[in-house]
Amino acid sequence: MTTTAPLGAEERTAPPAAAPGGRRSALGRIRTGNGLVFVLPFLLVFGLFMVWPIVQGLWMSLTDSSLALRDTSFVGFDNYTEAFGDPDVWSSLGNTVFFTVVSSVPLVLVALAMALLVHSGLAGQWAWRLSFFAPYLLPVTVVTMIWTWLYQPELGMANQLLDALGMAPVGWLSDESVAMWSVAALTVWWTVGFNFLLYLAALQSLPTTFDEAAALDGAGAWRRLWSITLPQLRRTTGLVAMLQVLASLKVFDQIYILTKGGPNGSTRPVLEYVYDVGFTGYRLGYASAVSYLFFALIVLVSLVQLRLFRRED
């Protein structure tokens, strides 16, 4: 019986050869090409409706472009210099900041309270959820029409309620000291439903082990809320606050329809001033400069908020 000698090193089966580098690079190019085919439509739309308008608007802010004139000349940073010295820009910016403060704070706190109320197991939760979120689904024209009737000086429900309480009527939209508060109340009622949903989703995703353990240790409901629930909602609160501040800074629709910036410009935000200058005063170049300064402010606010939230984390 013969035995087979062990194979030599040179006769052993060699491992499969790796694919040539050229083949790999060819496959990579094919995959990249296939990916570009799917991405190209989005890139075209994004470039046409986002990148190009941004570039065109930036160039327009450096010119004296106007709807009333055909010829356009390059003026450099003159529009930006004029904007820094324009008192209407600063007054509209002050109105925007004031509206952001008086609307963002209740939009965060009221949304949190509504979410906690529903999450606590209140009877008829579907009705509460529907009533809290339904106003958010209404278009801005419908909302402003409703609140215009509520704010009517003689027939509106707000002044009728004050009259029933023996109080003097209020010029909700005609009094300079009250008009912005009236717009803020409208905005809170209209948009709080979105923040309510964010908080409710966060509450439903929280683990219940910590709350149950604290309850077994004798902690009351308020103690568990302040020490367990609210700290776990810190990230959600940061997200809601950031989204709300950015949304409030860009306010335009409800103010333009409700008050058109009045009375005496007390409710005119920056975006309405840009609209008035560009499409009523026909100064597109100057309006573009103001809008880009406001865009820089929004970017700065966003960066500051992100930095603060990262430090808290």
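This one's a predicted model, so the numbers in the text were calculated from it and none came from an experiment.
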### Task
Return yes if some donor-acceptor pair links the side-chain N/O of Glu82 with the main-chain N/O of Asp78 below 3.5 Å, else return no.
no
### Message
According to a hydrophobic-cluster definition based on side-chain heavy atoms being under 4.5 Å apart (Ile, Leu, Val, Met, Phe, Trp, Tyr only), do Leu58 and Tyr286 belong together?
### Response
yes
### Message
Does Val118 form a side-chain contact (heavy atoms from CB on, under 4.5 Å) with Arg129? I'd like the steps, not just the answer.
### Response
CA-CA 7 Å; Val118 172; Arg129 296 183 186 186; 3.6 Å; yes
### Message
Check whether Ser91 reaches the backbone of Asp88 with its side chain - one donor and one acceptor, N or O, closer than 3.5 Å.
### Response
yes
### Task
Please name the pair of heavy atoms, one in Leu198 and one in Thr236, separated by the smallest distance, quoted to 0.1 Å.
O-CG2, 4.0 Å
### Query
Do the side chains of Val277 and Val290 get nearer than 4.5 Å, heavy atoms only?
no
### Query
Do side-chain atoms of Ser131 reach the backbone of Trp128 as a donor and acceptor pair under 3.5 angstrom?
yes
### Task
Give, for atom CE of Met114 and atom CZ of Phe196, the distance between the pair rounded to the nearest 0.5 Å.
5.5 Å
### Task
Please determine, by modelled atom types, if Thr63 and Thr72 share a side-chain donor-acceptor pair under 3.5 angstrom.
no
### Task
Please work out which of the three classes, parallel, tilted or perpendicular, describes the rings of Tyr292 and Phe295, given edges at 30° and 60°.
perpendicular
#### Entry: Flag side-chain contact, heavy atom, 4.5 Å: Tyr151 against Ser182
yes
## Note on the structure
Result for side chain to side chain contact (heavy atoms under 4.5 Å, CB included) between Val301 and one of Ile298, Leu297, Leu303, Val304 points to Leu297
### Message
Using every non-hydrogen atom in the two residues, find where Ser302 and Leu246 come nearest and quote the distance to one decimal.
### Response
OG-CD2, 3.2 Å
### Message
Heavy-atom count check: over 12 atoms from other residues, nucleotides or ligands less than 6.0 Å from Glu154 CD?
### Response
no
### Task
Using a 4.5 Å cut-off on heavy atoms from C-beta on, say whether the side chain of Val270 contacts that of Val89.
no
### Task
Supply the atom-to-atom distance Tyr256 OH to Tyr275 OH, rounded to the nearest 0.5 angstrom.
4.0 Å
### Query
Is the number of heavy atoms from other residues, nucleotides or ligands under 6.0 Å of Tyr136 OH greater than 12?
no
#### Entry: Close side-chain approach of Pro269 to Glu272, heavy-atom, < 4.5 Å
yes
#### Entry: hydrophobic_cluster_shared for Met157 and Val178, side chain cutoff 4.5 Å
yes
### 4.5 Å side-chain heavy-atom contact, Pro153 and Asn159
yes
### Query
How close do Phe133 and Leu197 get, heavy atom to heavy atom, and via which atoms?
CE1-CD1, 3.2 Å
### Query
Do Asn264 and Ser266 have a side chain donor and acceptor closer than 3.5 Å?
no
### Query
Is Asn79 close to Arg283 at the side-chain level, that is, under 4.5 Å between some pair of heavy atoms?
yes
### Message
If you compare all heavy atoms of Val188 against all heavy atoms of Pro106, which two are closest, and at what distance to 0.1 Å?
### Response
CG2-CG, 3.9 Å
### Message
Under the rule for salt bridge (Lys or Arg N to Asp or Glu O under 4.0 Å), what residues qualify as partners of Asp276, not counting sequence neighbours?
### Response
Arg268
### Task
Identify the two heavy atoms, one from Leu293 and one from Ala83, that lie closest to each other, and give their separation to 0.1 Å.
CD1-CB, 3.7 Å
### Query
Hey, are Tyr199 and Thr237 close enough side-chain-wise for a donor-acceptor pair under 3.5 Å?
yes
### Task
Decide if atom CH2 of Trp189 counts as having more than 12 heavy atoms of other residues, nucleotides or ligands within a radius under 6.0 Å.
yes
### Task
Could you list the residues that satisfy side-chain contact (heavy atoms from CB on, under 4.5 Å) with Pro139, not counting sequence neighbours?
Thr141, Val142
### Query
With distance as the sole criterion, is a donor-acceptor pair present between the side chains of Ser103 and Thr187 under 3.5 Å?
no
### Query
Is Phe210 close to Arg224 at the side-chain level, that is, under 4.5 Å between some pair of heavy atoms?
no
### Task
For Asp64 and Ser73, indicate whether the former's side chain and the latter's backbone hold a donor-acceptor pair under 3.5 Å.
yes
### Task
Give a yes or no answer on whether the side chain of Trp190 reaches the backbone of Thr144 with a donor-acceptor pair at less than 3.5 Å.
no
### Query
In Å and rounded to the nearest 0.5 Å, what is the CE to CG distance from Met180 to Leu173?
11.5 Å
### Message
Does the plane of the ring in Phe84 sit parallel, tilted or perpendicular to the ring in Trp90? Use 30° and 60° as the thresholds.
### Response
tilted
### Query
What is the distance from atom CG of Leu112 to atom CG of Leu230, rounded to the nearest 0.5 Å?
6.0 Å
### Query
How many angstroms lie between CG in Leu203 and OG1 in Thr229, if you round to the nearest 0.5 Å?
7.0 Å
### Query
What is the distance from atom CD1 of Ile54 to atom CH2 of Trp52, rounded to the nearest 0.5 Å?
12.5 Å
### Query
Do Leu206 and Leu225 sit in the same hydrophobic cluster, where Ile, Leu, Val, Met, Phe, Trp and Tyr count as joined when their side-chain heavy atoms come under 4.5 Å apart?
yes
### Query
Is there a donor-acceptor contact under 3.5 Å linking the side chains of Ser61 and Tyr80?
yes
### Query
Considering all heavy atoms of both residues, which atom of Pro263 and which atom of Ala179 are nearest to each other, and what is their separation?
CD-CB, 3.7 Å
### Query
Is Val51 reachable from Leu44 through a run of I, L, V, M, F, W or Y residues, each pair having side-chain heavy atoms under 4.5 Å apart?
no
### Message
Counting C-beta onward and ignoring hydrogens, is there a side-chain heavy-atom pair between Thr96 and Phe294 closer than 4.5 Å?
### Response
yes
### Query
Is it the case that Tyr273 and Asn95 place a side-chain donor and acceptor less than 3.5 Å from each other?
no
### Message
Using the rule that Ile, Leu, Val, Met, Phe, Trp and Tyr join whenever any side-chain heavy atoms are under 4.5 Å apart, tell me whether Leu117 and Ile228 fall into a single cluster.
### Response
no
